[in-house]
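Structure first, commentary second.
Values below: every heavy atom of this structure, side chains too, minus hydrogens, waters and symmetry copies. Letters A, B, ... are given to chains in the order of the sequence lines, protein chains preceding strands, and every chain is numbered from 1. All values reported here derive from a predicted model rather than from experimental measurement.
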Number of protein chains: 2
Amino acid sequence: MAVKYKEIADALEQEIRSGKYDAARKLPTEEELITQFGVSRNTVRRAVNQLVNRGYIYQVQGSGMFLRDKSATDYINLGSLRGLTKDLSPDRIHTEVLDLHTMEAGSETAGRLNCEAGTMLYYIKRLRLVDEEPFSIEISCFNKNIVPYLNKDIASSSIYSYLIDDLKLSIGFADKVITSDQIGVVNAGLLQVKALDPALIVENTVCLTNGTVFEYSQSIFHYKKAKLLNRISFK
Amino acid sequence: MAVKYKEIADALEQEIRSGKYDAARKLPTEEELITQFGVSRNTVRRAVNQLVNRGYIYQVQGSGMFLRDKSATDYINLGSLRGLTKDLSPDRIHTEVLDLHTMEAGSETAGRLNCEAGTMLYYIKRLRLVDEEPFSIEISCFNKNIVPYLNKDIASSSIYSYLIDDLKLSIGFADKVITSDQIGVVNAGLLQVKALDPALIVENTVCLTNGTVFEYSQSIFHYKKAKLLNRISFK
DNA sequence: AAGTGGTCTAGACCACCGT
DNA sequence: CGGTGGTCTAGACCACTTC
């Protein structure tokens with residue numbers, strides 16, 4: 001990390017999640033944070049801003065910085081990178097790799113990944129279980145020029161940890177398109193619902209900080225189990 | 001407004017939407033914006049930051065600020081306040097007010113609105129049409145202590161314009177919970193789909209800047225017509 | 001009136017991209 | 001190496017809340 005405002009933001013996030021401010025439901029004043037962390041006011045404010053964007057707190061001019069009501073658990077936060085892996089406790093999640101192979105991009109996939117048709121990519125289909133019950137199906141395509149290697153082992157834990165910590169990719173931004181549709185027979189079987197039952201679908205296009213698309217994925221969620229959460233603040 | 005960085009952000013947003021940078025796909029440098037708007041670098045950077053958060057651009061250190069690919073139209077932006085009203089051109093939208101009355105909050109609604117049971121509120125049910133075809137059903141509850149007056153006229157255009165421009169409410173943040181479920185018979189009839197067809201559902205809890213909940217709403221979207229878009233950036 | 005967050009400036013230095 | 005964004009500081013003044 002080595003960047004002050006992010007370190008402070010992460011420290012405060014930890015404190016909030018640990019329940020340190022649950023009694024007061026209020027953060028220390030900017031002045032206090034300035035002396036506590038020994039940085040300038042601007043740096044404190046940038047850190048605090050992260051917490052606002054992450055949905056933890058809201059600021060009231062003249063009054064203070066307050067905790068937002070805790071969202072009930074079991075929500076998948078649309079604003080964070082790691083869908084399941086961050087929001088649910090890791091021991092509740094299991095991943096079954098149904099398919100993993102390399103292939104050439106067809107014209108449709110090439111369009112989505114913003115690359116030439118014929119570009120090599122990894123195709124992965126996974127079934128994700130929460131508390132041993134089928135929760136979602138994830139079909140992902142990674143541009144192999146950017147993600148040169150993947151295997152079942154990596155795919156069965158958190159791919160994103162591998163991309164960030166090992167491949168040192170710096171992920172910049174993403175588009176998520178959310179829809180609902182009738183589920184097909186095959187996927188219905190995997191999720192143990194009936195064919196034509198509803199499915200909650202999230203299409204995800206992810207880019208590096210330099211703007212290159214490296215992943216396109218589609219997640220199909222069990223309609224009775226999945227709840228997506230989006231926390232926004234206007235300022 | 002009267003705040004420099006927001007004015008600059010809005011001006012740049014307008015320029016981007018107008019297509020001014022479509023050829024270059026690149027914004028002027030910070031230095032250029034500084035001289036163009038006659039403000040300090042920090043102010044330019046705050047303005048630019050808004051555009052990043054609104055999903056218009058991404059920044060690459062050492063290189064510049066670039067336009068993100070346009071999202072196809074017809075998406076409902078989850079990050080903006082006015083769902084339909086902002087994303088689709090206004091003349092395509094029609095709103096039919098099915099019900100509008102005041103009532104006392106029951107215990108469940110009181111919980112969602114974070115108020116006492118028995119608090120007076122407005123209940124509104126609306127059918128929204130896009131291009132003359134049923135698109136979504138919106139059921140909203142407003143705390144009457146905060147929104148003291150509403151009528152069919154207001155409800156059939158944009159409620160939020162009224163809240164912001166006329167009532168001078170300052171809206172702070174919101175929680176959106178997105179799910180999918182089988183649609184009921186009544187709503188199926190309204191949306192002209194079959195009972196038990198999928199529905200895309202967004203529950204929305206909206207707060208003022210001071211943290212007070214003033215609205216709880218539920219939107220039920222036509223599963224073949226609605227696409228929600230969430231643009232996120234990590235920094 | 002005191003406390004607390006919001007806006008703005010000016011300037012320094014660092015990190016990364018491209019030539 | 002020049003161009004361009006990223007981080008950080010120090011200080012001034014404004015706006016809103018609370019008492």
Side-chain angles (χ1 to χ4, degrees), chain A residues 1-10 12 21 24-53 56-68 168-173 207-212 233-235, chain B residues 1-10 12 21 24-53 56-68 168-173 207-212 233-235:
Chain A
M1 199 66 43
V3 183
K4 286 187 188 177
Y5 79 92
K6 282 188 186 168
E7 278 175 355
I8 295 171
D10 291 344
L12 289 173
Y21 304 111
R25 303 207 61 72
K26 193 175 189 302
L27 253 56
T29 65
E30 291 183 349
E31 203 55 54
E32 288 170 313
L33 294 176
I34 288 167
T35 61
Q36 180 183 332
F37 290 101
V39 296
S40 75
R41 186 171 171 220
N42 250 319
T43 302
V44 162
R45 284 182 60 78
R46 290 183 69 185
V48 162
N49 212 31
Q50 298 267 308
L51 299 176
V52 172
N53 290 333
Y56 288 105
I57 63 169
Y58 61 96
Q59 296 165 289
V60 183
Q61 185 172 20
S63 182
M65 305 185 282
F66 303 88
L67 266 59
R68 284 177 70 165
K168 308 290 182 196
L169 295 186
S170 60
I171 289 147
F173 52 94
C207 303
L208 302 179
T209 44
N210 70 11
T212 316
S233 28
F234 312 104
K235 11 187 304 177
Chain B
M1 197 67 43
V3 183
K4 287 188 189 176
Y5 78 92
K6 282 188 185 168
E7 278 176 356
I8 296 170
D10 291 344
L12 290 173
Y21 304 111
R25 302 208 61 72
K26 193 174 189 301
L27 254 55
T29 66
E30 291 183 349
E31 203 55 53
E32 289 170 313
L33 294 176
I34 287 167
T35 61
Q36 180 182 332
F37 290 101
V39 296
S40 73
R41 187 173 170 216
N42 248 320
T43 302
V44 162
R45 285 182 60 78
R46 289 182 70 183
V48 162
N49 212 30
Q50 298 266 309
L51 298 177
V52 172
N53 289 332
Y56 288 105
I57 63 168
Y58 62 97
Q59 296 164 289
V60 182
Q61 186 171 16
S63 182
M65 305 185 283
F66 303 88
L67 265 60
R68 285 177 68 164
K168 307 292 182 196
L169 296 185
S170 60
I171 290 148
F173 52 94
C207 302
L208 301 178
T209 44
N210 70 10
T212 316
S233 29
F234 312 104
K235 10 185 307 173

In terms of side-chain heavy atoms of A:Val3, which of D:dG5, D:dC8, C:dC8 is nearest? D:dC8
Heavy-atom pair with the smallest gap, counting every atom of A:Leu27 and A:Tyr21: CD1-CD1, 3.9 Å
Taking atom P of D:dT7 as reference, at what distance in whole Å does atom CG of A:Asn49 sit? 12 Å
B:Gln50 side chain vs B:Asp10 backbone, donor-acceptor pair below 3.5 Å: no
Just to confirm, is there a sub-4.0 Å distance from OP1 or OP2 of D:dC8 to any side-chain nitrogen or oxygen of A:Tyr5? no
Quick check: are there more than 12 heavy atoms from other residues, nucleotides or ligands sitting under 6.0 Å from CD of B:Gln36? yes
CG of A:Asn42 versus P of D:dA10: gap in Å, rounded? 11 Å
Quickly work out the B:Arg46 CZ to D:dG5 P distance and round it to whole Å. 19 Å
Spacing of B:Arg45 atom CZ relative to D:dT7 atom P, expressed in whole Å: 7 Å
If you find the nucleotide of DNA chain D closest to B:Asn210 and the one closest to A:Ala2, which residue's nucleotide is nearer the 5' end? A:Ala2
Just by distance, do the side chain of A:Ser63 and the backbone of A:Val60 share a donor-acceptor pair under 3.5 Å? no
May I ask you to verify if any side-chain N or O of B:Thr43 is less than 4.0 angstrom from the OP1 or OP2 atom of C:dT7? no
Just to confirm, is there a sub-4.0 Å distance from OP1 or OP2 of C:dT9 to any side-chain nitrogen or oxygen of B:Ser40? yes
A:Val39 vs B:Ser63, nearer the 5' end of DNA chain D by closest nucleotide: B:Ser63
Checking the side chain of A:Arg68 only, and the main-chain atoms of B:Phe173 only, is there a donor and an acceptor separated by less than 3.5 Å? no
A:Arg41 CZ to D:dA12 C1': how many Å, rounded? 11 Å
For atom CE of A:Met65 and atom P of C:dT4, their distance in whole Å: 10 Å
Looking at D:dT4, I'd like to know if its phosphate oxygens (OP1 or OP2) sit under 4.0 Å from a side-chain N or O belonging to B:Lys26. no
Between P of C:dC8 and CD1 of B:Ile34, the distance in whole Å: 14 Å
Can you tell me which nucleotide in D:dA15, D:dT9, D:dG6 comes closest to the side chain of A:Gln61? D:dA15
Can you tell me if B:Lys4 touches the phosphate of C:dT9, counting only side-chain N or O atoms and a distance under 4.0 Å to OP1 or OP2? yes
Integer-rounded Å distance: D:dT7 C1' and B:Gln59 CD: 13 Å
